[in-house]
Amino acid sequence: AQKITQTQPGMFVQEKEAVTLDCTYDTSDPSYGLFWYKQPSSGEMIFLIYQGSYDQQNATEGRYSLNFQKARKSANLVISASQLGDSAMYFCAMSLLYSGSARQLTFGSGTQLTVLP
Amino acid sequence: DAGVIQSPRHEVTEMGQEVTLRCKPISGHDYLFWYRQTMMRGLELLIYFNNNVPIDDSGMPEDRFSAKMPNASFSTLKIQPSEPRDSAVYFCASSQEIREKLFFGSGTQLSVL
């Protein structure tokens, strides 16, 4: 069974600085996708970025980039130029691409990011 | 598009009462998911539908929980009777394909007293 590990329960970063949120995963399946979601204090879950296991380049979406190291089984989220509005809980998730079941979508326990002014 | 719409936003009820949570997925999305989020267990998939048909309900905690999707634009999650341990945030999410990113609703914060 696959597993997602986020080892940082909480992180602090100074406004305008970059921050890296760690995510490691474990699966024996070669075909998978990695997602990051943001959950602000208002509660909704917002999709940020996606990386496929066969993608050659690291995914980027604006200030978000995914540092994908396949051999290390890590998919760290990098937020550049942090803003106060980035303060939120961040979840890493993994999905098996050729599984026919949605139950294979696994979420990590989350990292609470606080951006300091 | 308005996104996934859930109601109510907050629900406070007494133990033993029936609770109904509602969800309107994004138009054109074939998959609808119900998740529960708690501090202890994180995000748990309760049930999901494909084209209005329940595919996997193995995450539904007990027979007290039931979910329906009578049409492509509406789903309900019902708890009867409710218990204090059901207190959680319940999310509805939808997607076009099973492996694609999920679009989540704002969630329903349920408190059972």
Side-chain angles (χ1 to χ4, degrees), chain A residues 1-10 23 27 29-55 59 61 64 66 75 77 88-112, chain B residues 2-11 21 23 25-26 29-51 53-60 67 88-111:
Chain A
Q2 62 271 21
K3 185 179 179 182
I4 292 280
T5 303
Q6 294 181 254
T7 57
Q8 307 153 314
C23 173
T27 180
D29 198 301
S31 304
Y32 51 88
L34 296 155
F35 303 80
W36 277 93
Y37 289 87
K38 172 185 177 181
Q39 187 176 35
S41 58
S42 51
E44 71 272 26
M45 295 278 285
I46 303 166
F47 166 78
L48 294 178
I49 196 166
Y50 169 82
Q51 178 87 41
S53 61
Y54 295 117
D55 292 345
E61 289 284 350
Y64 304 108
L66 202 152
L77 177 70
M89 182 73 88
Y90 289 81
F91 291 95
C92 180
M94 178 174 64
S95 172
L96 299 182
L97 297 184
Y98 294 109
S99 168
S101 170
R103 191 152 301 283
Q104 43 70 32
L105 176 61
T106 308
F107 284 86
S109 56
T111 295
Q112 179 68 49
Chain B
V4 177
I5 300 172
Q6 287 187 250
S7 64
R9 189 76 173 88
H10 298 93
E11 177 79 35
L21 311 181
C23 175
I26 292 174
H29 282 191
D30 291 337
Y31 289 86
L32 183 139
F33 309 83
W34 282 100
Y35 280 88
R36 179 172 68 177
Q37 185 180 34
T38 61
M39 288 292 292
M40 291 296 294
R41 301 173 69 93
L43 274 161
E44 301 175 276
L45 177 62
L46 300 178
I47 185 172
Y48 74 96
F49 296 82
N50 179 24
N51 292 323
V53 176
I55 302 301
D56 184 342
D57 65 354
S58 60
M60 298 285 261
V89 180
Y90 291 81
F91 285 103
C92 176
S94 69
S95 68
Q96 287 184 311
E97 294 287 343
I98 196 169
R99 293 176 292 274
E100 289 192 357
K101 63 185 180 184
L102 302 180
F103 291 82
F104 284 83
S106 299
T108 294
Q109 174 75 60
L110 174 64
S111 298

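As the structure is a prediction and not an experimental result, all values here were calculated from the model. Below, chains carry the letters A, B, ... as their sequence lines are ordered, and counting in each starts from 1.
- Looking only at distances, no side-chain donor or acceptor of Gln39(A) sits under 3.5 Å from a matching main-chain atom of Met89(A).
- A tilted orientation is assigned to the rings of Tyr35(B) and Phe33(B), their planes being inclined by 30° to 60°.
- With a 4.5 angstrom heavy-atom cutoff, Ser109(A) does not touch chain B via any of its atoms.
- Per-residue counts of heavy-atom pairs under 4.5 Å with chain A were compared for Ser106(B), Gly42(B), Ala93(B); the largest is that of Ser106(B).
- Contact of Phe103(B) with chain A is not made at all, since no heavy-atom distance falls under 4.5 Å.
- Of the possible polar contacts, none joining the Glu61(A) side chain to the Ile49(A) backbone as a donor-acceptor pair under 3.5 Å is found.
- Phe107(A) and Phe91(A) have perpendicular rings, their planes meeting at more than 60° on a 0 to 90° scale where under 30° would count as parallel.
- Heavy-atom distances place the side chain of Gln37(B), and not its backbone, under 4.5 Å from chain A.
- Neither the backbone nor the side chain of Arg41(B) comes within less than 4.5 Å of any heavy atom of chain A.
- Panel note: side chain Ser95(B), backbone Glu100(B); no donor-acceptor pair is recorded below 3.5 Å.
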